[in-house]
Asker: 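Got a structure for you, questions after.
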Number of protein chains: 2
Amino acid sequence: CAFASPPRRLLGVEAGPRALTLSAALTPPPPYVAVIFTNHKVVGDDTAYDITAARMLDLARSVDGFLGIESARDANGTGITVSYWRDHDAIAAWREHPEHLDAQSAGRSEWYAWYELRVATVERAESHRRP
Amino acid sequence: CAFASPPRRLLGVEAGPRALTLSAALTPPPPYVAVIFTNHKVVGDDTAYDITAARMLDLARSVDGFLGIESARDANGTGITVSYWRDHDAIAAWREHPEHLDAQSAGRSEWYAWYELRVATVERAESHRRP
């Protein structure tokens, strides 16, 4: 998964200086499956990374069973991206997409100092919106 | 869970200007349970928030069954904190800790414009460190 920190306009956010608001993923009632991707991005030219990340987000959205995505990155380079999927078959289809395999390879060799990737079944969920 | 974005020294990071590196959580082999807490923090005085977050992190670590935590916050205020636990009983003990209940209340009324809280069983995990 190399789609941490995609251009924010692709994540359904409000535009305008300092008014960016990343959306929460509007997932259905559980159960569904989460891919928790925690990573540390090395310092460098982000152009290729950003282009790839945007492309990966488009690709992920085209996979049957994609439910949503949430992402945040600290100024220090640590990022967490959580993507949500209908089931393990959907994740397998995404993981094995040829373009995504290329991006995963570049992620390991060029972009990430380290990552942790965890697949988990969501059993309970709650939302809060301030009145 | 109000312990998103605690002071970084508490998360086992390297000190020094611009050298902060948030650690990955060194979790045991699955299965274990993840609490995925995605939120948007309102703009305001962060002092009370930071003090509470640091205290919550100390408290969480004192709960039997706590395995680790990962956290990142975008400059725009969106944060994701994932904490890892041995089982659902450990999460219940943490969720119902009296001091944590107070912090949860302040989180809902003062600190978070919105949050999504998901509890998930981690079934598969992999790590990568760049050579």
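Just so you know, these numbers come straight off a predicted model, no measurement behind them. Each chain gets a letter, A, B and so on, in the order its sequence line appears, and its residues count up from 1.
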Asker: Side chains of A:Glu126 and B:Tyr115, heavy atoms from C-beta outward: is any pair under 4.5 Å?
Answerer: yes
Asker: As an exercise, state the distance from NE2 of A:His128 to OH of B:Tyr112, rounded to the nearest 0.5 Å.
Answerer: 10.5 Å
Asker: A:Ser109, A:Ser127, A:Ala25: which one forms the most heavy-atom pairs within less than 4.5 Å of chain B?
Answerer: A:Ser127
Asker: Given that the side chain runs from C-beta out, which part of B:Val42 has a heavy atom under 4.5 Å from chain A: side chain, backbone, both or neither?
Answerer: side chain
Asker: Would you give the length of the straight line joining atom CD of A:Glu116 to atom CD of B:Glu70, rounded to the nearest 0.5 angstrom?
Answerer: 6.0 Å
Asker: At a 4.5 Å cut-off on heavy atoms, which part of A:Ala113 comes close to chain B: side chain, backbone, both, or neither?
Answerer: backbone
Asker: Walk me through it: do A:Tyr32 and B:Arg118 pass the test side chain to side chain donor-acceptor pair (under 3.5 Å)?
Answerer: CA-CA 11 Å; A:Tyr32 49 88; B:Arg118 296 175 175 95; 2.8 Å; yes
Asker: Measure the spacing between CZ of B:Arg73 and CZ of A:Arg73 and express it to the nearest 0.5 Å.
Answerer: 15.5 Å
Asker: Please tell me if the side chains of A:Ile36 and B:Ile36 come closer than 4.5 Å, counting only heavy atoms from C-beta onward.
Answerer: yes
Asker: Can you check whether B:Arg130's main-chain N or O pairs, donor with acceptor, with A:Arg108's side chain at less than 3.5 Å?
Answerer: no
Asker: Do you know which two heavy atoms are closest between A:Ala72 and B:Gly79, and how far apart they sit?
Answerer: CB-CA, 4.2 Å
Asker: In Å and rounded to the nearest 0.5 Å, what is the CD1 to OG1 distance from B:Ile80 to A:Thr81?
Answerer: 6.5 Å
